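Quantities reported herein were computed from a predicted structural model and do not represent experimental measurements.
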2 protein chains.
Amino acid sequence: MNNVQEESPRDQKKNRRRLQILEIARGIIATKGLRSLKVRDVAEAAGCSVGSVYNEFGDFDGVILTVNRETVQALTARLRGVPADDPVRQLYGLAATYLEFFAEHANLLRSLFEHRMEDDRPYPDDILQMVMDAFALMHPPLVRLLPDADDVKIALLSRTLFSAVHGIISLGLEERMVAVPPQMLRQQVEQFVDTHLAGLGILPLS
Amino acid sequence: MNNVQEESPRDQKKNRRRLQILEIARGIIATKGLRSLKVRDVAEAAGCSVGSVYNEFGDFDGVILTVNRETVQALTARLRGVPADDPVRQLYGLAATYLEFFAEHANLLRSLFEHRMEDDRPYPDDILQMVMDAFALMHPPLVRLLPDADDVKIALLSRTLFSAVHGIISLGLEERMVAVPPQMLRQQVEQFVDTHLAGLGILPLS
DNA sequence: GCTTGAAAATGAACAATGTTCAAGAAGAAT
DNA sequence: ATTCTTCTTGAACATTGTTCATTTTCAAGC
């Protein structure tokens, strides 16, 4: 017997619209920033009522969180595409790819990291977990480079190093912080990783 | 002759209230987060009308920005208090002090770094400049440690290193990112600085 | 002290925006 | 065809930022 539930026409329509709402919301966040996202704008652009948005996502945070969820998924997919041939090159690649992705989708990343929930409701665990998992992608190459180190310590190191790169990039890409020209930034990140690896006793381009 | 303008009773009252509004706003941000800050709450707590808040600060962003301005001033004051005896110790001290300050005033720091203006109005330049200046506080000790390096490069390095520390701390203190226990964090930051200095060819505790 | 003019304070009204829900429409099940 | 369930709608409501005509305050001049 077939456990796969057939998708009724009703569900098809529902899903189509769900995707459409997300696409529109993502577009607005990406181009005009999270603060410019308005329920009515989304509903009108999607050709439905505001009620339908609520019906589909519970509340407006639900829309934002779904966009954020997809952002971290896309980020993870990109980071997983970094070649794992050479561990040093992989670390450089992860940093450079994060920079690329952040530069391409700055407002989406800011939505992911800066959005706060109403009241004191907790941020969804699955998203946090996905961010943590993304930041743990430096773990495997670090294990290869430091075979004698404690695994727990490498896990901490991975998050720390990725957080550091995140700080450099997220502040560096604030167009408002005029200081770091985006051209320099890539070079700056590269040198940062370089120096830190040297501090760990790892030779460049093994 | 005396250029100092006497402060009339009227101005005294105005100033007192201005300070009171700021204190209340800061308290709300610090304890319940920026998203919980409401004009009416502030006005009621300050015993005045909403109009007076607008009269004093132009718009609500004006209140937030003034609080943020004072936050970065307080941060800078704290960072300037780090002893400059030994340059390596000073770098550790700057990182550790930033961590302390961030831990004590997490919501205020988040307000400083995460607040976005309405529409596309630019963030006030003086605040950005003050943040930049704070992040440049690693410059003097780095100059002492790397006397042969190009000054522009040291300036970049200072911002990069401080941004990295900022990333580690701001993500590490997200209680939602369960991963890094706050106890570990100080140690983690310390080791990070340690490793990076080693990578720069600087010996610990010269 | 009274008058007067400027500055400030007020808070009701307005505007923008998130949220709810009773009524109706659409589709599935029998 | 009828009924039953589910989804959709959008007007009404709630919250919150913003404005502004009116009133109040108060310092200066007489």
Side-chain angles (χ1 to χ4, degrees), chain A residues 5-22 24-25 27-29 32-68 111 114-121, chain B residues 4-22 24-25 27-29 32-68 111 114-121 123:
Chain A
Q5 189 65 26
E6 274 302 320
E7 190 180 52
S8 69
R10 172 177 269 184
D11 289 344
Q12 280 184 33
K13 187 178 166 193
K14 196 170 147 80
N15 279 340
R16 224 188 349 261
R17 178 149 74 196
R18 181 186 172 87
L19 293 183
Q20 195 184 4
I21 289 173
L22 287 175
I24 289 161
I28 292 174
I29 295 176
K32 300 196 295 183
L34 181 55
R35 241 192 120 161
S36 300
L37 189 67
K38 306 291 150 71
V39 215
R40 284 171 177 74
D41 292 349
V42 173
E44 187 180 11
C48 69
S49 66
V50 294
S52 293
V53 177
Y54 276 80
N55 188 44
E56 188 63 35
F57 293 95
D59 60 6
F60 204 48
D61 270 358
V63 181
I64 298 168
L65 291 175
T66 306
V67 170
N68 286 352
S111 170
E114 295 174 4
H115 178 61
R116 304 282 156 184
M117 306 287 286
E118 192 71 51
D119 302 318
D120 291 325
R121 278 187 304 186
Chain B
V4 177
Q5 188 66 27
E6 275 303 318
E7 190 180 53
S8 70
R10 173 177 270 183
D11 289 345
Q12 280 184 32
K13 188 178 166 192
K14 194 172 147 80
N15 279 340
R16 222 187 352 259
R17 179 148 73 199
R18 180 187 172 86
L19 294 182
Q20 196 184 5
I21 289 173
L22 287 175
I24 289 162
I28 293 174
I29 295 176
K32 300 195 294 184
L34 181 55
R35 237 191 123 163
S36 300
L37 188 67
K38 305 291 150 70
V39 215
R40 284 170 178 76
D41 292 349
V42 173
E44 187 181 11
C48 70
S49 66
V50 295
S52 294
V53 178
Y54 276 80
N55 189 42
E56 188 62 37
F57 294 95
D59 61 5
F60 205 48
D61 270 359
V63 181
I64 298 168
L65 291 175
T66 306
V67 171
N68 287 353
S111 170
E114 295 174 3
H115 178 60
R116 304 282 156 184
M117 307 287 286
E118 192 72 50
D119 303 316
D120 290 325
R121 278 187 304 186
Y123 208 79

Between [N] ([atom2]) and [X] ([atom1]): distance, integer Å:
X	N	atom1	atom2	answer
A/Arg121	C/dG18	CZ	P	14 Å
A/Arg40	D/dC13	CZ	P	14 Å
A/Arg18	D/dT8	CZ	C1'	17 Å
A/Lys38	C/dA15	NZ	C1'	12 Å
B/Ile64	D/dG17	CD1	P	8 Å
B/Glu44	D/dG17	CD	C1'	17 Å
B/Gln20	C/dA9	CD	C1'	15 Å
B/Phe60	C/dT17	CZ	P	17 Å

Would one find a side-chain N or O of [X] under 4.0 angstrom from OP1 or OP2 of [N]?
X	N	value
A/Asn55	D/dT8	yes
A/Arg17	D/dC7	no
B/Ser52	C/dA8	no
B/Ser49	C/dG11	no

Problem set entry | 5'-most by nearest nucleotide on DNA chain C - B/Glu118 or B/Gly47 |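 Closer to the 5' end of DNA chain C: B/Gly47.
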Exercise. The side chain of B/Tyr54 lies closest to which of these nucleotides: D/dT19, D/dT9, C/dT19?
Worked result: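 Closest nucleotide among those given: D/dT19.
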Problem set entry | Atom CD of A/Glu44 with >12 non-hydrogen neighbours under 6.0 angstrom |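 Open: at most 12 neighbouring heavy atoms sit under 6.0 Å from CD of A/Glu44.
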For this session: Quick one: closest heavy-atom pair of B/Arg116 and A/Arg35, and the distance?
Result: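 Answer, listing the atom of B/Arg116 first, then A/Arg35: O-NH1, 2.5 Å.
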Problem set entry | Over all atoms of both residues, closest heavy-atom pair of A/Ala46 and A/Ile21 |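 Nearest heavy atoms, A/Ala46 then A/Ile21: CB-CG1, 4.0 Å.
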For this session: Run the salt-bridge test on A/Arg121 and A/Asp59 with the 4.0 Å N-O cut-off and return the result as yes or no.
Result: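 The answer is yes: the pair qualifies as a salt bridge.
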Exercise. Between B/Ser52 (side chain) and B/Cys48 (backbone), is there a donor-acceptor pair under 3.5 Å?
Worked result: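 No, the answer is negative, given that no donor and acceptor are paired below the 3.5 Å cut-off.
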